[in-house]
Amino acid sequence: LRYHDYDPAFSFAAPVRALPEERFDVGTSGGSVIPFVRFGAVDLPVGTLEVFWLDAYSGGVFIPFRDGTSGDTTYGGGRYLLDTAKSADLGRTATGDLILDFNFAYHPSCHYDPMWVCPLAPPSNRIATRIEADERSYPGASDAPVSWCGPAWAARPAGPSSRPSGDRGASSSTRPW
């Protein structure tokens, strides 16, 4: 696999800013959906990303993202910054902030083989900044169609989310927030 050199400028610690719970289905690389509950956001120097609870199989906190490299030097459907269901989690600081290091972000399984069905970064988690850290794409990688992702230039500029929120029904599952 091809990787960028480690860049400490892409390593952050941030609190989860609470948002009203919003339940919705996130599109996948295979055209199906996976249920998630948005419960917060992290405000980073590179942009704001919403934080989700995976409301299926093992559960877990999940932060996918799509950035200015998506569809260029990285997978068009985005990458994963945090996925506790897969133990892709760097933990928290002593004050409880999430440790979020883009140098450890990774492509979803569907980037390597289209037989895998992966949740992709929703429109709320698209940032214009080029995150040139972590895995890079490679010749021969899966080019499974992800037409709903749109071009990289459709990303949001860095800054707090302007997405309207609303409670579409909270889950009764037990979650750690």
(request) Just jot down the side chain to side chain contact (heavy atoms under 4.5 Å, CB included) partners of Ser32, sequence neighbours excluded, or say none. (result) Thr28, Val117

(message) According to side chain to side chain contact (heavy atoms under 4.5 Å, CB included), who are the partners of Ala56, at least two apart in sequence or on a separate chain?
(response) Ile34, Pro35, Leu54

(message) According to a hydrophobic-cluster definition based on side-chain heavy atoms being under 4.5 Å apart (Ile, Leu, Val, Met, Phe, Trp, Tyr only), do Ile63 and Phe104 belong together?
(response) no

(request) Please answer: with hydrophobic residues joined when any side-chain heavy atoms are less than 4.5 Å apart, are Leu49 and Ile99 in the same cluster? (result) no

(request) With sequence neighbours left out, write down each residue that passes side-chain hydrogen bond (donor to acceptor under 3.5 Å, both in side chains) with Thr84, or none if nothing qualifies. (result) none

(message) Holding to side-chain hydrogen bond (donor to acceptor under 3.5 Å, both in side chains), I want the full list of residues that pass it with Asp101, two or more places apart in sequence or in another chain.
(response) Tyr6, Ser11, Asn103

Might you point out which heavy atoms bring [X] and [Y] nearest each other, and give the distance in Å?
X      : Y     : result
Gly78  : Ser70 : CA-OG, 4.2 Å
Leu19  : Ala41 : CD1-CB, 3.8 Å
Trp53  : Gly59 : CZ2-CA, 3.8 Å
Leu44  : Ala14 : CD2-CB, 3.7 Å
Arg130 : Phe10 : O-CZ, 3.8 Å

(request) Hey, could you give me the CZ/CG distance between Phe62 and Leu81, rounded to the nearest 0.5 Å? (result) 10.0 Å

(request) Can you measure from CG (Leu98) to CG (Asp89) and round to the nearest 0.5 angstrom? (result) 7.5 Å

(request) Keeping to residues at least two apart or across chains, list the salt bridge (charged side-chain N to carboxylate O under 4.0 Å, His left out) pairs with something in residues 75-85. (result) Asp67-Arg79, Arg79-Asp134

Quick check: do [X] and [Y] have side-chain heavy atoms less than 4.5 Å from each other?
X      : Y      : result
Thr48  : Val42  : no
Thr74  : His107 : yes
Leu90  : Leu100 : no
Arg66  : Ile127 : no
Pro119 : Pro64  : no
Arg38  : Val51  : no
Phe39  : Val61  : yes
Glu22  : Val37  : no

(message) Please determine whether ring pair (Phe, Tyr, Trp, His ring centres under 6.0 Å) holds for the pair Phe36 and Phe24, giving the CA-CA distance in whole Å, both sets of side-chain angles, and the decisive distance to 0.1 Å.
(response) CA-CA 6 Å; Phe36 282 87; Phe24 57 96; 7.6 Å; no

(message) I'd like to check the ring-ring contact (aromatic ring centres under 6.0 Å, His included) partners of Tyr106; sequence neighbours left out, ordered by chain and number.
(response) Tyr80

(request) Flag the pair Asp43 and Arg17 as a salt bridge only when some basic side-chain nitrogen lies within less than 4.0 angstrom of an acidic carboxylate oxygen. (result) yes

(request) State whether the side chain of Thr69 and the backbone N or O of Thr73 hold a donor-acceptor pair below 3.5 Å, judged by distance alone. (result) no

(request) Check for a donor-acceptor pair, side chain of Asn125 on one end and backbone N or O of Glu50 on the other, with a separation under 3.5 Å. (result) yes

(request) Go through the steps for Cys118 and Tyr75 under the test side chain to side chain contact (heavy atoms under 4.5 Å, CB included), then give the verdict. (result) CA-CA 12 Å; Cys118 307; Tyr75 178 54; over 6 Å; no

